[in-house]
Amino acid sequence: MSEREDGQRGDRRGDRDRRPGGARRNARGHERNRRAQTDRAFSSAAPAGRTRRADPARLAAFETLRAVSEEGAYGNLVLPKLVRAHRLDRRDAGFATELAYGALRWQGTWDAVLARCVDRPLAELDGAVLDALRLGTHQLLAMRVPDHAALDQTVGLVRAVVGAGPGGLVNAVLRKVAARDLPAWVEELTADAPDETARLGLAHAHPAWVVRALRQALTAHGRDAAEIEALLEADNDAPVVNLVALPGLGDLDEALAAGAEQGTLVPGSALSSGGDLHRLASVREGGVRVQDAGSQLVARALVAAGQGADGGVEGGRWLDLCAGPGGKAALLAALADRQGAHLTANEVAPHRAELVHRALRPVPEHAWTVRTGDGRSADELLGGRPAVEAGFDRVLVDAPCTGLGALRRRPESRWRRSPRDLAELGPLQRELLHAALDVARPGGLVAYATCSPHAAETLTVVQDVLAGRRDAELVDALGPVRAAALPGSLDGDRDPSRRWAGDTGPATVQLWPHVHGTDAMFLALLRKR
């Protein structure tokens with residue numbers, strides 16, 4: 001049995017609480033690592049006998065962190081490729097995923113811990129050594145890995161990949177980290193926090209400005225600001241992988257047989273425990289896709305908003321204005337094919353337009369077109385003709401945003417974003433919504449969506465655009481969202497709506513990780529008069 005498997009048999013922290021405290025010395029008189037309440041085990045091997053190889057699962061996690069740090073990559077895009085490259089089995093793939101995403105998610109808090117254990121500014125450390133220390137810290141404080149295994153394997157990784165020199169530093173620093181458990185570290189880090197926002201940020205690994213923004217967003221969308229801690233905790237939970245079967249093209253039988261469960265929010269969806277889903281033929285062929293249930297709901301709600309009294313959906317021309325990388329476009333195209341409509345998927349970046357093209361391949365080609373161009377150019381989208389002749393019946397604006405609602409799935413985003421991004425993205429979001437209304441035919445519907453709950457990217461954008469136009473009005477989004485969801489899944493406290501004009505006015509919709517188990521997707525529906 002490997003050290004990792006042995007460590008996963010029980011909760012390391014629970015065992016730790018049963019060990020007596022106090023410092024002890026080994027046979028050579030060397031004092032063991034001390035902690036406030038309990039002892040920690042450590043490796044007794046001499047330096048020459050310690051591990052000098054990189055465990056494949058830890059190496060995959062390490063390479064993920066390096067790609068994120070050095071290349072600005074996204075962990076959720078890099079890690080699956082590395083899992084396949086290192087040929088990790090299901091158990092090791094799960095370990096690598098928990099380690100990589102956890103280290104990225106908790107980076108700010110782990111850096112605060114490391115700053116108290118390193119005798120120099122962290123910025124002066126070699127980047128590879130710092131990433132290795134983050135991995136070691138996550139194993140020691142947040143995973144069921146025995147202390148000796150976390151120390152030995154991390155030092156071995158550094159010696160194998162970086163060099164023998166930094167091994168001693170890594171060993172010494174991680175021993176200091178291991179001197180306390182996570183609650184003790186959080187207590188120390190937050191003891192001199194200037195306010196509750198800073199305390200929550202350190203305790204739950206969110207920048208203080210994000211904590212403040214999310215608390216304000218809860219209030220703006222009609223929820224209790226006291227939910228902030230539950231929201232932060234949900235951001236740190238490992239997200240369940242959501243699957244969608246493209247209507248008429250895929251089915252979930254293979255995924256369900258492999259252990260997935262039926263989704264609880266959206267029809268035609270499933271929840272998977274993870275692993276390398278590309279091992280499923282239905283996923284490789286594209287009939288089943290990985291897509292958050294919140295994103296599925298947004299696409300389906302836009303279609304449900306066009307249903308007539310007989311339950312049918314009109315055909316016509318549909319547009320996904322910001323289609324990359326293609327998840328919502330694939331679902332919309334499959335729905336368009338079933339309803340006799342045609343989807344134009346527009347993407348400004350050529351490499352992302354290619355991703356959209358790949359995503360749409362399972363859908364019959366007569367149902368879609370991929371276009372590369374600036375979504376703000378209404379004349380180009382309409383081919384120089386007026387909207388009354390060439391306009392679109394349905395338009396989705398999945399606007400570029402800070403992604404504060406998808407921090408579970410993009411763990412590094414919380415440390416990359418800053419308030420400055422809001423100021424830079426705001427004008428673009430307004431221009432895209434204006435363009436969407438410009439290209440909609442009279443009577444057409446426009447769905448404005450973001451994966452951020454921040455009021456500056458959601459409610460304020462919609463208010464500003466409506467204030468500047470007489471040819472657009474807000475229509476209710478809650479009805480279409482409920483029609484697209486499974487019966488009863490959005491009732492009671494799970495009601496995601498915010499009414500704009502008393503109890504009977506049109507509503508926008510805001511989903512939440514801690515309430516709905518989805519990304520924090522926002523949706524507003526507007527009609528072109």
Side-chain angles (χ1 to χ4, degrees), residues 77 244-250 285-292 294-306 313-383 385 387 390-401 428-429 431-441 444-451 484 521 523 525 528:
L77 300 180
V244 58
L246 298 183
L249 300 170
E285 295 163 3
V288 174
R289 296 184 54 83
V290 175
Q291 185 176 50
D292 182 71
S295 294
Q296 298 175 39
L297 201 54
V298 164
R300 288 184 177 274
L302 177 57
V303 178
V313 180
E314 61 184 86
R317 304 179 69 226
W318 300 359
L319 172 66
D320 187 346
L321 194 65
C322 312
K328 295 183 186 68
L331 182 52
L332 279 174
L335 292 167
D337 183 47
R338 291 169 65 85
Q339 306 301 335
H342 183 91
L343 175 73
T344 297
N346 181 82
E347 173 55 45
V348 65
H351 71 283
R352 286 172 62 85
E354 176 57 29
L355 294 177
V356 176
H357 196 277
R358 294 178 191 172
L360 292 173
R361 282 175 184 166
V363 184
E365 292 186 3
H366 64 259
W368 55 270
T369 301
V370 176
R371 177 186 180 274
T372 304
D374 191 335
R376 295 170 293 183
S377 178
D379 285 343
E380 292 182 12
L381 287 163
L382 294 173
R385 293 181 292 169
F392 294 91
D393 302 280
R394 300 285 177 269
V395 182
L396 172 62
V397 186
D398 186 14
C401 66
L428 174 61
Q429 292 160 350
E431 290 172 5
L432 287 168
L433 183 51
H434 274 298
L437 289 165
D438 289 341
V439 302
R441 68 162 179 81
L445 285 174
V446 173
Y448 176 77
T450 67
C451 57
M521 293 294 301
L523 174 66
L525 287 176
K528 177 82 167 282

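Within a 6.0 Å sphere centred on CZ of Arg338, heavy atoms belonging to other residues, nucleotides or ligands number 12 at most.
Across all their heavy atoms, Leu249 and Ala334 have their closest contact at CD1-CB, 4.0 Å. For the residue pair Arg289 and Ala330, the shortest heavy atom distance occurs at CD-CB, 3.8 Å. Nearest approach of Val446 to Ala440, heavy atoms of both residues: CG2-CB, 4.0 Å. Of all the heavy atoms in Ala449 and Leu396, the pair that sits closest is CB-CD1, 4.4 Å. Taking both residues in full, the closest heavy atoms of Ala336 and His342 are given as CB-N, 4.4 Å, listed atom of the first, atom of the second, then distance. Between His366 and Asp337, the shortest heavy-atom distance links the atoms NE2-OD1, 2.7 Å.
Taking CG of Asp438 as the reference point, atom CG of Leu433 lies at 9.5 Å (rounded to 0.5 Å). The distance from atom CG of Leu335 to atom NZ of Lys328, rounded to the nearest 0.5 Å, is 13.5 Å. Expressed to the nearest 0.5 Å, how far OG1 of Thr450 lies from CD of Gln429 amounts to 7.0 Å. The CG atom of Leu302 lies 15.5 Å from the OH atom of Tyr448; values are rounded to the nearest 0.5 Å.
Listed for the Glu380 side chain is no donor-acceptor partner under 3.5 Å among the backbone atoms of Asp374. A donor-acceptor pair is defined here as one N or O able to donate and one able to accept, closer than 3.5 Å; no such pair exists between the side chain of Asp393 and the backbone of Trp318. Trp368 places a side-chain N or O within donor-acceptor distance of the main-chain N or O of Val363, the cut-off being under 3.5 Å. Looking at Arg371, its side chain never comes within 3.5 Å of a backbone N or O of Thr344 through a donor-acceptor pair.
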With a cut-off of 3.5 Å and sequence neighbours excluded, list every side-chain donor-acceptor pair involving residues 319-327.
none

Residue pair Leu331, Gln291: steps toward the side chain to side chain contact (heavy atoms under 4.5 Å, CB included) verdict: CA-CA 10 Å; Leu331 182 52; Gln291 185 176 50; 3.8 Å; yes

Give the intermediate values and the outcome of side chain to side chain contact (heavy atoms under 4.5 Å, CB included) for residues Glu354 and Val370. CA-CA 9 Å; Glu354 176 57 29; Val370 176; over 6 Å; no

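Counting heavy atoms from C-beta outward, Leu428 and Arg376 have side chains that approach closer than 4.5 Å. Considering only heavy atoms from C-beta on, Gln339 stays 4.5 Å or farther from Pro247 through its side chain. Counting heavy atoms from C-beta on, the side chains of Asp398 and Ser295 never come closer than 4.5 Å.
Asp292 is linked by a salt bridge (charged side-chain N to carboxylate O under 4.0 Å, His left out) to Arg408, Arg409, counting only residues two or more places apart in sequence or in another chain. Contacts of Ala387 classified as side-chain contact (heavy atoms from CB on, under 4.5 Å), with partners at least two apart in sequence or in another chain: Leu382, Lys528.
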